[in-house]
Colleague: 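Please see the structure below; I have some questions.
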Amino acid sequence: QQQQQQQHLRAQPQPHQQPQPQQQPQRRTQQLKRKQKPKLRIVQQPCGVEAAGSASPSNGSHGTASSEASGASTPSTTSSQTSLAETPMHNGQDVLALAHQFIRLFTDQEPDDVLPHVLDWLSPDVVVKFEDLAIEHRGRSNMLERMKSMRKCIPDLAMNISSMTWNGCHTVQQELTVSGTSTTSAHDDFPLFPVGKFVKFHMTGALSFDDLGKVTGITRKINVIHDLRLERPMLDGLSSCARILASTGSGCRVLQDVMDGATSAEREVLVEPLIGTVWDASGSQHANYVLQKYIVSMPPDKVQFIVQEMEGRAVEAAQHHTRSRILERLLEHCPCSQTNCLVAELLEEAHHLLRHSFANFVIRRLLEHGTQKWRRMLVDVILSEGACRIARHRIGSNVLRQALISCSAEDQQRLVQQLTADPKELASLANQRFASFVVRELRLMSRSRS
């Protein structure tokens, strides 16, 4: 019996002696590779182009560099080479030099000479993004073709770098000026450069490198400098691609920023490409803000083309989540004689629009800024639908409150009489979720008159 008990105990695994699961061979190999992988630093070898003005930060702080690279510079005949050192990266001098030489190579070489040099620079999965124009290219071969095409379409392309800043890793932030004149219409990928016009842009961007010194990412954005006067070359470039800029979130903000510091004549040139496409632009979640900015900042006679393109479709526009905003701005900033055709369409369907989730805002602007005749017609619609019924509606109650505030004393009294005709109904309205706000407005009116 003792022998059987001992054998039974030996067969039971002890808690502290449970066998550990063996690691998978592939996972074990990856762990060994991580341990053996040295920390790398990009070291710039001597080459034909010098990174002028580069500064080396100390103690790991951020570094900056200033330089210039333009098409008039002497072409470099020596391509840049990189090597690896088994020391951790501690400053940005080498990264700044790489960024500087990449720009110089791109602008100084002849178009046919760019390809063999750039092959040594780009990572196979490089990504190029221009957020303002919603342009994105992926892959080295695609990028090389775009670069060669750009140099041929814009032979005087120049990039003047005003500053470069190392952000502490493998990325360099840049501020630069890009200029040039497109000589051919086959430049769909370069809408910033209209044919035959010299344009000039202030831009910000970034260059990202991997551990081997290969470029993995290039980003560009238009930089609006409010302290500088809007120059004609930049205005022409922005106007040439205003439709594309207006259709993107980043681009529509660029156009609005430019309009903030522009004159009326410059705003007119900037928005001129949108003439004839107002309906589509007003329905865009981004371009509608450009139209609103233009209406607010321009004299009424300069926005007549927007009114004309809205005529015949005012009711449809009022029920749209972005086009309704255009109607609101027109009613706020244009004289009643200019918007008379639009208002006539809205009044015909007012009984439906005053309860609509978007159109109710248009009706409220009409009560605020419309003529006495238009307000009276809207009051007639409310009374015919039943003021108490409108007061109980989640959306219609807001229109009724606006009518009690904006209409004449005579029209206000007509509304009050219908709302207070039945004391029991009035008490019921006071306890209803939405109508209670209408009753509160009635009490405020009573106090102000007393």
Colleague: Tell me whether the count of non-hydrogen atoms from other residues, nucleotides or ligands lying under 6.0 Å of CZ in Phe437 goes above 12.
Modeller: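 No.
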
Colleague: I'd like to know whether Lys129 forms a side chain to side chain contact (heavy atoms under 4.5 Å, CB included) with Arg220, so could you lay out the CA-CA distance, the side-chain angles of the two residues, the decisive distance to 0.1 Å, and finally the verdict.
Modeller: CA-CA 7 Å; Lys129 292 183 179 181; Arg220 291 286 182 267; over 6 Å; no

Colleague: Should Pro233 and Lys197 count as side-chain neighbours, where that means a heavy-atom distance under 4.5 Å?
Modeller: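 Result no, sub-4.5 Å side-chain heavy-atom pair not found.
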
Colleague: If the test is side chain to side chain contact (heavy atoms under 4.5 Å, CB included), which one of Asp132, Ile244, Ile222, Asp236 qualifies with Leu192?
Modeller: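 Going through Asp132, Ile244, Ile222, Asp236 one by one, the side chain to side chain contact (heavy atoms under 4.5 Å, CB included) with Leu192 is satisfied by Ile222 alone.
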
Colleague: So do Pro300 and Pro335 actually touch side chain to side chain, heavy atoms under 4.5 Å?
Modeller: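 Yes; the side chains approach each other to less than 4.5 Å.
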
Colleague: One pair to check against side chain to side chain contact (heavy atoms under 4.5 Å, CB included): Leu133 and Cys241. What are the steps and the verdict?
Modeller: CA-CA 8 Å; Leu133 297 173; Cys241 58; 4.1 Å; yes

Colleague: Any non-hydrogen side-chain atom of Ile390 less than 4.5 Å from a side-chain atom of Ser397?
Modeller: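 Ile390 does not reach Ser397 side chain to side chain.
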
Colleague: Test your reading of the model: is there a side-chain donor-acceptor pair from Glu266 to the backbone of Thr263, 3.5 Å cut-off?
Modeller: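 Here the side-chain-to-backbone pair exists.
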
Colleague: Using 0.5 Å steps for rounding, measure from the CG atom of Leu354 to the CG atom of Leu378.
Modeller: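 CG of Leu378 is found 8.0 Å from CG of Leu354.
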
Colleague: Any side-chain heavy atom of Arg267 sitting closer than 4.5 Å to one from Ser297?
Modeller: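 Heavy-atom side-chain distance check passes, below 4.5 Å.
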
Colleague: CD1 of Ile382 to CZ of Arg389: how many Å apart, nearest 0.5 Å?
Modeller: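 Taking CD1 in Ile382 and CZ in Arg389, the distance rounds to 13.0 Å.
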
Colleague: Looking only at atom types and distance, does a side-chain atom of Gln432 sit under 3.5 Å from a main-chain N or O of Ala435, one as donor and one as acceptor?
Modeller: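 Confirmed, Gln432 side chain pairs with Ala435 backbone.
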
Colleague: Where the side chain of Ser162 meets the backbone of Glu175, is there a donor-acceptor pair that is under 3.5 Å apart?
Modeller: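 Judged by distance alone, yes, a pair lies under 3.5 Å.
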
Colleague: Determine, step by step, whether Gln402 and Asn398 satisfy the side-chain hydrogen bond (donor to acceptor under 3.5 Å, both in side chains) criterion, reporting the C-alpha distance in whole Å, the side-chain angles of both residues, the deciding distance to 0.1 Å, and the verdict.
Modeller: CA-CA 6 Å; Gln402 189 65 56; Asn398 294 319; over 6 Å; no

Colleague: Which atoms form the tightest heavy-atom contact between Ala318 and Leu327, and what is the distance?
Modeller: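 Between these two residues, the closest heavy atoms are N-CD1, 3.6 Å.
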
Colleague: Is any side-chain heavy atom of Thr216 closer than 4.5 Å to a side-chain heavy atom of Phe209?
Modeller: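 They are not in side-chain contact.
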
Colleague: Kindly indicate, with the supporting measurements, whether the criterion side-chain hydrogen bond (donor to acceptor under 3.5 Å, both in side chains) is fulfilled by Ser408 and Asp411.
Modeller: CA-CA 5 Å; Ser408 64; Asp411 290 330; 3.3 Å; yes

Colleague: Please determine if Glu425 and Arg392 form a salt bridge, counting it only when a charged side-chain N lies under 4.0 Å from a carboxylate O.
Modeller: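 Here Glu425 pairs with Arg392 in a salt bridge, since their nearest N and O are under 4.0 Å apart.
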
Colleague: So which atom in Cys336 and which in Thr371 form the shortest heavy-atom distance, rounded to 0.1 Å?
Modeller: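 Closest pair (atom of Cys336, atom of Thr371, distance): SG-CG2, 3.6 Å.
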
Colleague: Determine whether Asp380 and Arg414 satisfy the following criterion, salt bridge (Lys or Arg N to Asp or Glu O under 4.0 Å), listing intermediate values before the conclusion.
Modeller: CA-CA 9 Å; Asp380 292 338; Arg414 293 167 61 199; 2.4 Å; yes

Colleague: Does the pair Glu410 and Arg376 meet the rule for a salt bridge (Lys or Arg N to Asp or Glu O under 4.0 Å), with working shown?
Modeller: CA-CA 9 Å; Glu410 181 182 352; Arg376 180 163 296 177; 3.4 Å; yes

Colleague: Between Glu328 and Arg325, does at least one N-O distance fall below 4.0 Å, as a salt bridge requires?
Modeller: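 No, this pair does not count.
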
Colleague: Got a sec: does the CD of Glu368 have more than 12 other heavy atoms crowding it under 6.0 Å?
Modeller: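 Yes.
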
Colleague: Does Gln174 reach the main-chain N or O of Leu176 with its side chain, forming a donor-acceptor pair under 3.5 Å?
Modeller: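 Flag not set: sc Gln174 to bb Leu176 has no pair under 3.5 Å.
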
Colleague: Which of these passes side chain to side chain contact (heavy atoms under 4.5 Å, CB included) with Leu400: Ile405, Leu419, Val379?
Modeller: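 Of the listed residues Ile405, Leu419, Val379, the side chain to side chain contact (heavy atoms under 4.5 Å, CB included) partner of Leu400 is Leu419.
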
Colleague: Between Ser208 and Val215, is any pair of side-chain heavy atoms under 4.5 Å apart?
Modeller: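 Side-chain contact under 4.5 Å: no.
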
Colleague: If you measure from CD on Glu131 to CD1 on Ile135, what distance do you get to the nearest 0.5 Å?
Modeller: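 It is 12.0 Å, given to the nearest 0.5 Å.
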
Colleague: Classify the angle between the aromatic ring planes of Phe201 and Phe193 as parallel (below 30°), tilted (30 to 60°) or perpendicular (above 60°).
Modeller: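 If you compare the ring of Phe201 with that of Phe193, the planes turn out perpendicular.
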
Colleague: What I want to find out is whether Arg253 reaches Asp257 closely enough, with some N-O distance under 4.0 Å, to be called a salt bridge.
Modeller: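 Not counted as a salt bridge, because no side-chain N and carboxylate O are separated by less than 4.0 Å.
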
Colleague: Can you tell if the side chain of His351 reaches within under 4.5 Å of the side chain of Ser384, non-hydrogen atoms only?
Modeller: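 When only atoms from C-beta onward are counted, Ser384 and His351 do not touch, as no gap falls below 4.5 Å.
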
Colleague: Is the backbone of Pro273 close enough, under 3.5 Å, to the side chain of Arg243 for a donor and an acceptor to pair up by distance?
Modeller: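 Between the backbone of Pro273 and the side chain of Arg243 there is a qualifying donor-acceptor contact (under 3.5 Å).
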
Colleague: Less than 4.0 Å between a side-chain N and a carboxylate O, is that true for Glu332 and Arg329?
Modeller: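 A salt bridge is present here (some side-chain N lies under 4.0 Å from a carboxylate O).
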
Colleague: Please determine whether side-chain hydrogen bond (donor to acceptor under 3.5 Å, both in side chains) holds for the pair Asn223 and Thr204, giving the CA-CA distance in whole Å, both sets of side-chain angles, and the decisive distance to 0.1 Å.
Modeller: CA-CA 6 Å; Asn223 185 24; Thr204 59; 5.5 Å; no

Colleague: Dump the intermediate steps for side chain to side chain contact (heavy atoms under 4.5 Å, CB included) on Cys407 and Arg375, then the final yes or no.
Modeller: CA-CA 6 Å; Cys407 290; Arg375 292 170 181 164; 4.0 Å; yes

Colleague: Under a 4.0 Å threshold between the charged nitrogen and the carboxylate oxygen, would Asp125 count as salt-bridged to Arg140?
Modeller: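 Salt bridge flag = no for Asp125 with Arg140.
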
Colleague: Apply side chain to side chain contact (heavy atoms under 4.5 Å, CB included) to residues Leu245 and Cys252 and explain how you reach the verdict.
Modeller: CA-CA 6 Å; Leu245 289 172; Cys252 79; over 6 Å; no

Colleague: Give a yes or no on whether the backbone of Thr181 and the side-chain of Asp156 come within a donor-acceptor separation of less than 3.5 Å.
Modeller: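 The answer is yes, because a donor-acceptor pair under 3.5 Å joins these two groups.
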
Colleague: Let's go through His352 and Gln319 carefully: what are the C-alpha distance in whole Å and the side-chain angles of both, what is the deciding distance for side-chain hydrogen bond (donor to acceptor under 3.5 Å, both in side chains) to 0.1 Å, and is it a yes or a no?
Modeller: CA-CA 10 Å; His352 170 64; Gln319 298 175 81; 3.3 Å; yes

Colleague: Please confirm whether the backbone N or O of Gly205 pairs with a side-chain atom of Thr219, one donor and one acceptor, at under 3.5 Å?
Modeller: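 It does not hold such a pair.
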
Colleague: State, to 0.1 Å, how close Met310 and Ser282 come at their nearest heavy-atom pair, and which atoms those are.
Modeller: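 Minimum heavy-atom contact is CE-OG, 3.5 Å.
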
Colleague: Treating Asn288 as the side-chain partner and Gln285 as the backbone partner, does any N or O pair qualify as donor plus acceptor under 3.5 Å?
Modeller: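 Yes, the answer is positive, given that a donor and an acceptor are paired below the 3.5 Å cut-off.
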
Colleague: What are the two closest heavy atoms between Lys152 and Thr183, and how far apart are they?
Modeller: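 Closest heavy-atom pair between Lys152 and Thr183: O-OG1, 4.0 Å.
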
Colleague: Between Glu385 and Arg355, is there a side-chain N and carboxylate O pair less than 4.0 Å apart?
Modeller: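 Yes, charged N to carboxylate O under 4.0 Å.
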
Colleague: What distance do Leu426 atom CG and Thr420 atom OG1 have between them, rounded to the nearest 0.5 Å?
Modeller: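 So the gap between those two atoms works out to 6.5 Å.
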
Colleague: What's the separation between atom CZ in Phe130 and atom CD1 in Ile218, rounded to the nearest 0.5 Å?
Modeller: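 One gets 12.5 Å once the value is rounded to the nearest 0.5 Å.
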
Colleague: Kindly compute the distance separating CD (Gln412) from CG (Leu415), expressed to the nearest 0.5 Å.
Modeller: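 The CG atom of Leu415 is 8.0 Å from CD of Gln412, to the nearest 0.5 Å.
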
Colleague: Do Glu345 and Arg313 meet the salt-bridge criterion of a basic N to acidic O distance under 4.0 Å?
Modeller: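 Between Glu345 and Arg313 there is no salt bridge, as every charged N stays at least 4.0 Å from the carboxylate O atoms.
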
Colleague: What I want to find out is whether Glu136 reaches Arg138 closely enough, with some N-O distance under 4.0 Å, to be called a salt bridge.
Modeller: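 Judged by the 4.0 Å cut-off on N to carboxylate O distance, Glu136 and Arg138 do form a salt bridge.
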
Colleague: Tell me every residue that passes side chain to side chain donor-acceptor pair (under 3.5 Å) with Thr339, counting only those two or more places apart in sequence or in another chain.
Modeller: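 Once residues adjacent in sequence are excluded, Thr339 has no partner under the side chain to side chain donor-acceptor pair (under 3.5 Å) criterion.
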
Colleague: Can you check whether Leu342 reaches Leu330 side chain to side chain, under 4.5 Å on heavy atoms?
Modeller: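 With C-beta onward as the side chain, the pair touches.
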
Colleague: Is the Phe358 ring parallel, tilted or perpendicular to the His356 ring (thresholds 30°, 60°)?
Modeller: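 Tilted, since the angle between the ring planes falls between 30° and 60°.
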
